[in-house]
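Below is one structure, written out as structure tokens; the observations come after it.
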Amino acid sequence: MQRQDSLWLGTLGPPVKWAMIVSGAAAAAMALWLIAGQVWRADPVGMFEMLRPEGRPEVPLMLGSLAAAMLFAALHLSDRKGAIERPPTGPMDIVALVMSRLAMIGIVCVVAAMIYEVAARYVFEKPTLWANELSLWIAGFVFLLAGLYAMQQRSHIRIYVIYDLLPRPLQKAADVVSVGLIWGFFLCLLWGGYGEAVTKFARMETFGPAGDPPLPATIKPAILIVIGLVALQALSNLIADWSRPPEYHSALDDIDETEIANIRRTLED
């Protein structure tokens, strides 16, 4: 059955939801198994082993089920438009919405890692060696994906003082120049950073501290990939907005009526 407010999944919505539930349950079961192993196994699997799974078949199963749960959760959550979100206008918008849901899940993961670290450090007096590094690792991807989401939502910082004074043809010309500058930046970044990104990924370069996660090996290629998606999203925005009537902006545009209504409802309750 297709949900009435489905944005893009349509009849695939229910199967994706069930895939999210099943993969999430599998990831939770594997996590409980590994946590229990900290007590009864002679060689328990910790975060160090999670990054180096050789000879540990349960680690790929855990990581695979976790990745599947996050992917299907992002697909499911992206099928519903938020109260203040712009509706998608093309395929790139769908990609950006899915990536934004991954970023939102990433924020939850960072908070969970920090709560675990605080409890382990101050309650059990057994601080971890990996919580801070894992938080930095996830936060790097969150910031990158948030930039893509901001581009899709047209919520990045723009100065309209001169733009609003221009007739629509000149506004279009300004938009073309802006997109051209974004593509110029991406191509320069690709030309200057592609070789280094490939080298870091090929040797799986690590961060260096105790946990030694492969931050450089993953963040560096992710920068090139996500900035490329941002450039494609900017081009998609240009095409989608080309035939729109001119828009004029004021300070009132920054007022979020939906958020104000939610705050009032919270105070009343």
*How far apart are the C-alpha atoms of L97 and R80, what are their side-chain angles, what is the distance that settles it, and do they pass the side chain to side chain contact (heavy atoms under 4.5 Å, CB included) test?*
CA-CA 10 Å; L97 287 176; R80 179 177 299 173; over 6 Å; no
*For F186 and G228, which heavy atoms make the closest approach, and how far apart are they?*
CE1-CA, 3.3 Å
_Residue W191 excluded, over 12 heavy atoms near CH2 under 6.0 Å_ = no
*Common cluster, I223/Y194, ILVMFWY with side-chain heavy-atom separation under 4.5 Å*: yes
*Can you find a pair of side-chain heavy atoms, one from W242 and one from V176, that are under 4.5 Å apart?*
yes
*Report yes if some heavy atom in the side chain of M62 is under 4.5 Å from a heavy atom in the side chain of L34; otherwise report no.*
yes
*With a 4.5 Å limit on heavy-atom distance, are the side chains of W8 and L75 in contact?*
yes
*Say whether, by atom type as modelled, one donor and one acceptor occur between the side chain of E117 and the main chain of P127 under 3.5 angstrom.*
no
*Partners of S135 by side chain to side chain donor-acceptor pair (under 3.5 Å), sequence neighbours excluded?*
none
_Side chains of V226 and M99 in contact at under 4.5 Å (non-hydrogen atoms)_ = no
*Establish whether L77 and V110 are linked, either directly or via other cluster members, by ILVMFWY side-chain heavy-atom contacts under 4.5 Å.*
no
*T128 versus R121: any side-chain heavy-atom pair under 4.5 Å?*
no
*Nearest heavy atoms of A69 and S23, plus distance in Å*: CA-OG, 3.1 Å
*For residues W137 and T218, determine if any side-chain heavy atom of one lies less than 4.5 Å from a side-chain heavy atom of the other.*
yes
*In one Ile/Leu/Val/Met/Phe/Trp/Tyr side-chain cluster, 4.5 Å: L102, I107*: yes
*Rounded to the nearest 0.5 Å, how far apart are CD1 of I138 and CD of E133?*
12.0 Å
*About how many Å separate NE2 of H76 and CG of L12, when rounded to the nearest 0.5 Å?*
13.5 Å
*Does atom CD1 of I162 have more than 12 heavy-atom neighbours, drawn from other residues, nucleotides or ligands, at distances under 6.0 Å?*
no
_Test: ring pair (Phe, Tyr, Trp, His ring centres under 6.0 Å). Region: residues 105-124. Which pairs qualify, not counting sequence neighbours?_
Y116-W130
*Could you state the interatomic distance from CG (L136) to CZ (F141), rounded to the nearest 0.5 Å?*
12.5 Å
*Could you grab the distance from atom CD1 of I105 to atom CG of L71, nearest 0.5 Å is fine?*
9.0 Å
*asked:* Using every non-hydrogen atom in the two residues, find where V142 and A103 come nearest and quote the distance to one decimal.
replied: CG2-O, 3.7 Å
*Taking atom CZ of F185 as the centre, report whether more than 12 heavy atoms of other residues, nucleotides or ligands fall under 6.0 Å from it.*
no
*Taking C-beta and beyond as the side chain, do N237 and M92 meet within less than 4.5 Å on heavy atoms?*
no
_Which heavy atom of P221 sits nearest to which heavy atom of F201, and what is that distance?_
CG-CB, 4.1 Å
*Atom CD1 of I84 and atom OG of S155: how far apart are they, to the nearest 0.5 Å?*
9.0 Å
*Verify the cluster assignment for W183 and I239: are they in a single hydrophobic cluster under the rule of side-chain heavy atoms below 4.5 Å apart?*
yes
*Output all residues satisfying salt bridge (charged side-chain N to carboxylate O under 4.0 Å, His left out) with K17, sequence neighbours left out; order by chain, then residue number.*
none
*Where do V98 and S78 come nearest, in terms of heavy atoms and distance?*
CG2-OG, 3.4 Å
_Hydrophobic clustering (ILVMFWY, side-chain heavy atoms < 4.5 Å, transitive) - are L134 and M204 grouped together?_
no
*All pairs passing ring pair (Phe, Tyr, Trp, His ring centres under 6.0 Å) where residues 220-241 contributes a residue, at least two apart*: none
*Might you point out which heavy atoms bring A73 and M20 nearest each other, and give the distance in Å?*
CA-SD, 3.5 Å
*asked:* Using side-chain heavy atoms (C-beta onward) and a distance below 4.5 Å, is K220 in contact with V198?
replied: no
*Any pair counted as side-chain hydrogen bond (donor to acceptor under 3.5 Å, both in side chains), so long as it reaches residues 97-114, sequence neighbours left out*: E85-R101
_Qualifying side-chain hydrogen bond (donor to acceptor under 3.5 Å, both in side chains) pairs, either residue in residues 169-179, two or more places apart_ = Y163-D175, R168-Q171
